[in-house]
S.K.: 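Below is one structure. I have some questions about it.
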Amino acid sequence: MFAKLKNKEKWNKYFDSLKFALYCITHPLDGFWDLTHEKRGTYAAANTILIITLLVRVFKLQFTSFIFNKVYWEELNIFLYLASVLFPLALFVVGNWALTTLFDGKGRLGQVYMATCYALTPYPLIQIPLIIFSNGVTVDEAEFYTVVSGISLVWAALLIIAAMGQIHEYSMAKNILFMVASLFAMMVMIFILLLFFSMITQGVAYFISLGRELLFRL
Amino acid sequence: MKNKIKRISALLLAGTVLFGSSLIAGAADIERSYTYNYDWWGDVQDSPDAYEVTGVYTSVDLGLEKGLNNPNGLYINGSNIYVCDTGNNRIIEITRTGRESFEVSRIIEEFKGDVEVTTLSGPTDIAISEDGNIFIADKGNCRILKLDQDLNYLMQFDIPVDSTLDPEITFQPHKIVVDTAERVYCIATGINKGLIKYENDGVFSGFVGATKVTYDFADYLQKKFATQAQREQMVSFVPTEYANIFIDYEGFIYAVANGQEEEDLDSEQAQAVRKLNLMGNDILVRNGEWPIYGDLYWGSAGGYEGPSQFEDVTCMDNDIYVCLDKNRGRLFGYDDQGKMVFAFGSNGNMDGYFRKPIALDHMGHDLFVLDILDCSITLFTCTEFGETIYSAIELFDEGAYEASGAAWERVMEMDGNYDLAYIGIGRSLLRQKKYREAMDYFELKYDEDNYSKAFKQYRKEWVEDNIVTIVVVLLILFLVPLGIGKVKSIKHEIDIADIFRT
């Protein structure tokens with residue numbers, strides 16, 4: 001295992017693919033095509049970007065000036081907070097793949113995941129300087145923060161759309177149609193999950209009350 | 001707004017943990033202190049008592065032969081307390097002779113003058129002008145009386161002459177205030193066009209400060225498609241009547257209204273308290289994090305439901321105004337920025353608890369509350385905690401910033417959860433140009449605006465102090481890449497230069 005870590009070629013490949021994220025966010029169509037078709041991207045780099053994104057989310061809580069981000073620490077659950085990124089991501093990746101695979105989508109599940117993670121790059125890239133910046137401004141200058149923060153999200157969203165088009169080899173119209181369809185797929189999955197959990201709850205509660213009843217009677 | 005976000009997020013959270021917690025019983029209710037406050041998040045924070053009950057005075061304590069019956073109005077002028085004993089058609093003047101001693105100095109039942117009826121019938125309010133003239137809302141006799149201080153009839157104010165008014169309505173003046181020029185402002189039962197304003201010669205000069213009519217789109221649609229018969233069944237969109245008014249030392253009128261819809265209060269379409277200027281415009285400052293309508297959360301336990309119902313208001317000379325909630329028998333104090341100073345009280349039969357409080361007034365810092373069912377007057381005086389808060393606010397207004405800061409420090413020692421203390425210390429530090437320390441205090445209690453003020457100054461100072469370093473760093477940032485580029489290009493030229501080629 002350690003031998004693998006010492007493999008210099010692997011490291012070079014990793015750093016190259018990580019650097020390729022910067023190319024992807026500035027040249028989305030070309031970049032995301034090469035990402036899968038030319039095998040320029042790696043899962044390691046995708047995971048790294050995702051982890052950095054999650055870390056930035058956490059650092060944002062602690063280090064952003066209170067003017068922009070007031071945290072109710074008493075009720076903060078860091079795992080739920082991180083799940084607010086991971087859960088939609090997982091839903092989107094699965095939902096998108098499940099749909100596109102039925103309609104000539106060329107991307108595989110792993111590739112959808114990789115491209116989505118690469119598309120998240122602008123978020124940490126913009127948010128890290130913003131965290132520092134937020135500590136140097138007053139409320140009067142807050143607009144700038146809000147606008148730039150918004151740009152990071154819009155940029156990432158546009159990248160996701162572009163990325164999906166390229167890896168599935170879809171036309172523009174078909175791509176957008178399937179983005180909307182993916183959103184619906186996500187909602188359907190949420191609905192089914194809720195249904196599932198509430199059924200489980202009911203089921204468990206039934207057997208518990210049955211058990212209680214038995215204990216009373218016997 | 002924030003209220004709503006919090007509720008929704010709480011709901012979501014509840015949803016996510018639904019299946020884990022459905023088997024666990026709800027957390028037990030925590031016993032709350034008598035006095036409380038809300039922090040920035042809107043959480044209830046227990047607080048030491050700002051006011052304590054000094055005495056509860058009934059007709060027996062005051063030495064009245066006939067007990068009070070349905071008393072409606074309470075008015076304080078100097079050291080005189082006037083209680084409108086509506087059910088007995090009289091007004092009782094009580095003089096405060098000491099901290100806890102009172103004596104009845106006169107009972108106003110009739111007056112001298114050249115009018116048909118020289119007795120009172122169900123008086124509900126009284127007001128005294130600066131010249132000492134007495135104004136009485138003689139509700140049963142449909143008039144507002146103006147008497148001199150020896151109870152000689154001077155004049156009376158009758159139903160306003162106004163074509164928009166329903167001619168069949170009987171004039172029932174309910175609450176009155178008088179300004180320094182002896183103009184009378186009156187709330188009359190059944191008239192919802194605002195306050196009735198009379199000039200000092202008795203001429204009706206218009207309605208001022210009507211509350212805004214509130215309705216939402218759903219109401220509008222329903223009304224649009226309803227038949228005539230249905231429409232008559234519906235509640236009409238009319239302004240709410242004010243419950244009570246109070247004129248402060250500057251001549252602004254505080255008016256409270258109750259019975260508004262919860263949604264309207266939440267969306268700040270309806271206001272429980274308004275501060276009216278001479279034009280009748282609302283100029284109440286609402287800089288607090290939470291709307292000014294008393295309790296932020298309410299259950300429906302114990303037969304009391306819905307939001308606080310403000311029945312009376314009084315404003316002290318330090319611009320702190322106190323509202324009386326008849327629903328849960330509570331008093332809510334707010335400062336001139338609209339931030340809650342204290343909230344206390346409840347329903348009950350103990351001292352400091354009410355059955356149905358109806359009127360409120362102040363004498364100095366002391367508060368008097370009249371209970372219509374209990375027929376008693378409760379006197380609240382400041383505790384050390386309350387007195388320190390007041391002195392901190394008053395010292396700040398006088399410009400004694402350091403002393404104010406010290407007073408706030410004492411408040412903070414007594415109650416570490418008191419937000420205003422932190423902000424008060426911060427503001428005092430800000431005035432003393434200690435920006436860095438001020439920022440810390442503001443940050444603790446999420447006061448963005450004051451924090452920004454302090455931070456702006458701090459940043460300015462910091463830049464001025466470090467201007468040399470900043471310039472040097474910037475220069476380095478520019479020059480180093482430039483230099484590197486230059487060196488590289490020279491190197492390149494040397495590499496390709498002919499003379500070095502062999």
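Within every chain, numbering begins at 1; the chains are lettered A, B, ... in the order of the sequence lines, protein sequences first and strands thereafter.
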S.K.: Report yes if some heavy atom in the side chain of D140(A) is under 4.5 Å from a heavy atom in the side chain of S452(B); otherwise report no.
M.R.: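 Not in contact.
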
S.K.: Taking atom CZ as the centre, does F196(A) end up with more than 12 heavy-atom neighbours from other residues, nucleotides or ligands that are less than 6.0 angstrom away?
M.R.: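 Open: at most 12 neighbouring heavy atoms sit under 6.0 Å from CZ of F196(A).
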
S.K.: Does atom CD (E464(B)) have a neighbourhood of more than 12 heavy atoms from anything else shown, all under 6.0 Å?
M.R.: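 For E464(B), atom CD is crowded (more than 12 foreign heavy atoms under 6.0 Å).
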
S.K.: Looking at Q337(B), I'd like to know if its CD atom is crowded, meaning that more than 12 non-hydrogen atoms belonging to other residues, nucleotides or ligands lie closer than 6.0 Å.
M.R.: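 Buried by this count: over 12 neighbours within 6.0 Å.
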
S.K.: Pick one of side chain, backbone, both or neither for Y451(B), based on which atoms fall under 4.5 Å of a heavy atom in chain A.
M.R.: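 When you check distances to chain A, only side chain atoms of Y451(B) fall under 4.5 Å.
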
S.K.: Do NZ/NE/NH1/NH2 and the carboxylate oxygens of K70(A) and E448(B) come within less than 4.0 Å?
M.R.: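 Looking at K70(A) and E448(B), the cut-off is met.
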
S.K.: If I take atom CG from residue L444(B) and atom CZ from residue F66(A), how far apart are they, to the nearest 0.5 angstrom?
M.R.: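 Answer for the CG-CZ pair, L444(B) versus F66(A), is 9.0 Å.
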
S.K.: At a heavy-atom separation under 4.5 Å, does Q202(A) approach chain B through its side chain, its backbone, both, or neither?
M.R.: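 Neither; nothing under 4.5 Å.
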
S.K.: Check the surroundings of atom OH in Y43(A): do more than 12 heavy atoms from other residues, nucleotides or ligands lie under 6.0 Å from it?
M.R.: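 Yes, enclosed.
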
S.K.: Is the shortest side-chain heavy-atom distance between T138(A) and K453(B) below 4.5 Å?
M.R.: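 The answer is no, as the side chains (C-beta and beyond) never meet within the 4.5 Å cut-off.
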
S.K.: Counting neighbours of NZ on K434(B) that are heavy atoms of other residues, nucleotides or ligands and sit closer than 6.0 Å, is the number greater than 12?
M.R.: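 Counting other residues, nucleotides and ligands, NZ of K434(B) stays at 12 neighbours or fewer.
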
S.K.: For a quick test of reading the model, state the closest non-hydrogen atom pair linking N135(A) to F455(B) and the distance between them.
M.R.: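 What the structure gives for the nearest pair is O-CZ, 3.3 Å.
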
